[in-house]
Amino acid sequence: MSTPIVEIRHLKQHAGETVTLRGWVRNVRTSKMRFIELRDGSGFVQCVVSANDAEPESYELAGRLTQEAAITATGIVQTHPKTGAPELLVKSLTLVGESVDYPITPKEHGTAFLMENRHLWLRSKRQWAILRIRHTLVKAIRDFFDEDGFTLLDSPILTPSACEGTSTLFGTPYFDEGMAFLSQSGQLYQEPGLAAFGKTYCFGPTFRAEKSKTRRHLTEFWMVEPEMAFAHLEDVMVLGERLTKFMVQRVLEGRQEELKILERDLAPLEQALNVTFARMTYTDAVEKLKELGSDINWGEDFGNDDETILMNAMDRPLWVHRFPKAFKAFYMEPDPIDPKLALGADLLAPEGYGEVIGGGERASSLQYLLDQIEHEQLDRKDYEWYLDVRKYGSVPHAGFGLGLERAVAWICKLPHVRETAPYPRMLGTLKP
RNA sequence: UCCGGAGUAGCUCAGUGGUAGAGCAAUCGGCUGUUAACCGAUUGGUCGGGGGUUCAAGUCCCUCCUCCGGAGCCA
């Protein structure tokens, strides 16, 4: 006689029925009664093995199960007499794969050890919750742009030169063409797509060979980069805010169990959903920072502390816009009212998470771009294809980049982005 | 790259010059529903590597390596 195989997430629908579960042993507590905490990737459930209800050899097996052994368990779905949660009253157990001396024990571990065992750490409850939320955010991002009429236009990962010229790039030999570089942004490749598709986005890994050693940096991270034709700075802030709210909403709706595992305070997320994001010009932000005790001067980029100081005084996400042109990328459109300023906007997440979105309006004048390329001492030859966007039907256009890992870190309220990626790549971390 | 901190049992840590310790894990035994279960016992160490001081070094000095936190740079 065979019983239906059921995923733990569907257990509730099978109350009173005999079913088979397949999964891994998270923990075992043995007394006369034996309790197996089982996980199957879809959820967690307690299996109860008693001498009365289980076959003798299964009862015996339950007594010698080890952490992370793979098993199947067949029994009746009942409710926990104390908590009311579904549990399985076991009739029979089979051992599918044994597990000897699993390194990650129920007690605490250091970060270095956990990172070395990242491939196993993925099985831990917190990591499971975080990566499920990451999954939901990726899906939300795709759904948002697809439903909004954007066309996915994949930017290449192997590129011939720097896009922004500032950051360090990872290089790799590319046949007879010399060095190729891993892309640090797909944006420049989106712009030519506008005249073909109107609104486009790319979403994939990007790479920065910066020797940054902070809680906000990975050398490999995912970024979604929408770009819109006939669009201005205002459109960036409107779109970015809608996207952020959509992402937060999807997680609040669909990942309640995971948020609970993470003990995430939901109030700041609900707040972000229900209010209009704050806006402040760079110039006002500098004034505000000075009031709050920062030693920043106009013309300097925000330091890590500055973002923290600014956001501690804020109860919602904040757009900072119109930065000094000097420290922004060469392709930014200058502010027609004050040409010292660039029409850029960054979205700072609350709770100390800092920049999640960076974007703005792109320069649409060929002559202006040529002047900028000369001024920045870039090689015009590298950008001819990019300049063609301005030669053949140039229009105002704008877009932004949203860093997935930073969004996950904020929404899960994590102390470090390294937990937001399945296999994070950082300064000094290439394994596993 | 700079500043600070740390490397001792499989893991998390205590041990400030005189015989190397605890909790967890593992192993064995006990316990009528447990939930980081609990109780008892056992096993487990080139004290990060190299050099030095000393009768004696986990402990003091030099040096290298690795990791953690922060800065700069950025999403």
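Below, chains carry the letters A, B, ... as their sequence lines are ordered, and counting in each starts from 1.
- Of the candidate nucleotides B:G69, B:C73, B:G33, B:G33 has the atom nearest to the side chain of A:Pro81.
- Between A:Gln46 and A:Glu355, it is A:Gln46 whose nearest contact on RNA chain B lies nearer the 5' terminus.
- Residue A:Thr105 places its side chain closer to B:A25 than to any other of B:A25, B:A37, B:U34.
- A side-chain donor-acceptor contact under 3.5 Å links A:Glu333 to the backbone of A:Ser364.
- Comparing B:A36, B:U12, B:U35 by their closest approach to the side chain of A:Pro106 singles out B:A36.
- For A:Glu37, the listed nucleotide lying nearest its side chain is B:A37; candidates were B:G33, B:C11, B:A37.
- Look at B:A6: its Watson-Crick or wobble partner, with both distances under 3.5 angstrom, is B:U66.
- Here B:C24 presents its C1' atom at 12 Å from CG of A:Asn27, a figure rounded to the nearest Å.
- In this structure a side-chain-to-backbone donor-acceptor pair under 3.5 Å is missing from A:Ser124 to A:Gln127.
- In this structure, A:Lys245 forms a cation-pi arrangement with A:Phe277, its terminal cationic atom sitting closer than 6.0 Å to the ring centre and no more than 45° off the ring axis.
- The residue A:Arg26 sits apart from the nucleic acid: no heavy atom pair falls under 4.0 Å.
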field: Chi angles and distances behind the ring-ring contact (aromatic ring centres under 6.0 Å, His included) call for A:Tyr331, A:Tyr383
entry: CA-CA 11 Å; A:Tyr331 50 70; A:Tyr383 295 94; 9.2 Å; no
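- Looking only at distances, a side-chain donor or acceptor of A:Glu405 sits under 3.5 Å from a matching main-chain atom of A:Trp222.
- One N or O donor and one acceptor, one from the side chain of A:His217 and one from the base of B:C74, sit under 3.5 Å apart.
- Residue-level contact check: A:Ile104 touches neither bases nor backbone, having no heavy atom under 4.0 Å from any strand.
- Checked against B:U12, B:A37, B:A75, the side chain of A:Arg208 finds its nearest nucleotide in B:A75.
- In this structure, B:U42 and B:A26 make a Watson-Crick or G-U wobble pair, each of the two defining distances being under 3.5 angstrom.
- Here A:Lys211 reaches the OP1 or OP2 of B:U1: one of its side-chain N or O atoms lies under 4.0 Å away.
- Within 4.0 Å (heavy atoms only), A:Glu116 reaches no atom of the nucleic acid at all.
- Atom pair A:Trp410:CH2 and B:A75:C1' shows a separation of 15 Å (rounding to whole Å applied).
- The side chain of A:Thr66 approaches B:U27 more closely than any other nucleotide in the set B:A75, B:U34, B:U27.
- Contact annotation for A:Ser50: no contact, since no heavy-atom pair falls under 4.0 Å across all strands.
- One interatomic measurement links the two molecules: NZ of A:Lys32 to C1' of B:U35, which rounds to 20 Å at whole-angstrom precision.
- Both distances falling under 3.5 Å, in either a Watson-Crick or a G-U wobble arrangement, occur for no nucleotide opposite B:U34.
- Taking 4.0 angstrom as the limit, A:Thr30 places none of its side-chain polar atoms (N or O) nearer than this to OP1 or OP2 of B:A37.
- A cation-pi arrangement is absent between A:Arg216 and A:Tyr353, since the terminal nitrogen or guanidinium carbon is not both under 6.0 Å from the aromatic centre and inside a 45° cone about the axis.
- One atom, CD1 of A:Ile36, and another, C1' of B:G33, lie 14 Å apart when rounded to the nearest Å.
- We find that CG of A:Leu427 is positioned 16 Å from P of B:G72, with the value rounded to whole Å.
- Taking the six-membered ring for Trp and the full ring otherwise, the centers of A:Phe203 and A:Phe150 sit at least 6.0 Å from each other.
- Distance from the side chain of A:Arg216 is smallest for B:C74 among the nucleotides B:G72, B:G33, B:C74.
- A:Asp346 comes within 4.0 angstrom of nothing in the nucleic acid, heavy atoms only.
- Searching all strands for a Watson-Crick or G-U wobble partner of B:C55 with both distances below 3.5 Å returns B:G18.
- Applying the Watson-Crick and G-U wobble criteria (two distances, each under 3.5 Å), B:A75 pairs with nothing in any strand.
- Along RNA chain B, the nucleotide nearest A:Thr219 and the nucleotide nearest A:Val28 are compared for position; the residue whose nucleotide lies closer to the 5' end is A:Val28.
- The distance between atom CG of A:Asp305 and atom P of B:C73, rounded to the nearest whole Å, is 12 Å.
- Among the atoms of the strands shown, base atoms are found under 4.0 Å from some heavy atom of A:Gln78.
- For A:Ser31, the side-chain atoms get nearest to B:C31 when compared with the rest of B:U35, B:C31, B:U12.
- Protein atom CG of A:Leu89 is 15 Å distant from nucleotide atom C1' of B:U32, rounded to whole Å.
- OP1 or OP2 of B:U34 has not a single side-chain nitrogen or oxygen of A:Arg29 nearer than 4.0 Å.
- Ion pairing between A:Arg362 and A:Glu227 holds under the 4.0 Å rule for side-chain N and carboxylate O.
- For the pair A:Asp301 CG and B:A75 C1', the interatomic distance rounds to 12 Å; values are reported in whole Å.
- With centres under 5.5 Å and a plane angle under 30°, the ring of A:Phe221 is stacked against the base of B:A75.
- Comparing atom distances between the A:Ala112 side chain and each of B:A26, B:C67, B:C11 picks out B:C67 as nearest.
- Listed nucleotides: B:A75, B:G33, B:C73. Nearest to the side chain of A:Ser212: B:C73.
- Within the nucleic acid shown, A:Met33 comes within 4.0 Å of at least one base atom, counting heavy atoms only.
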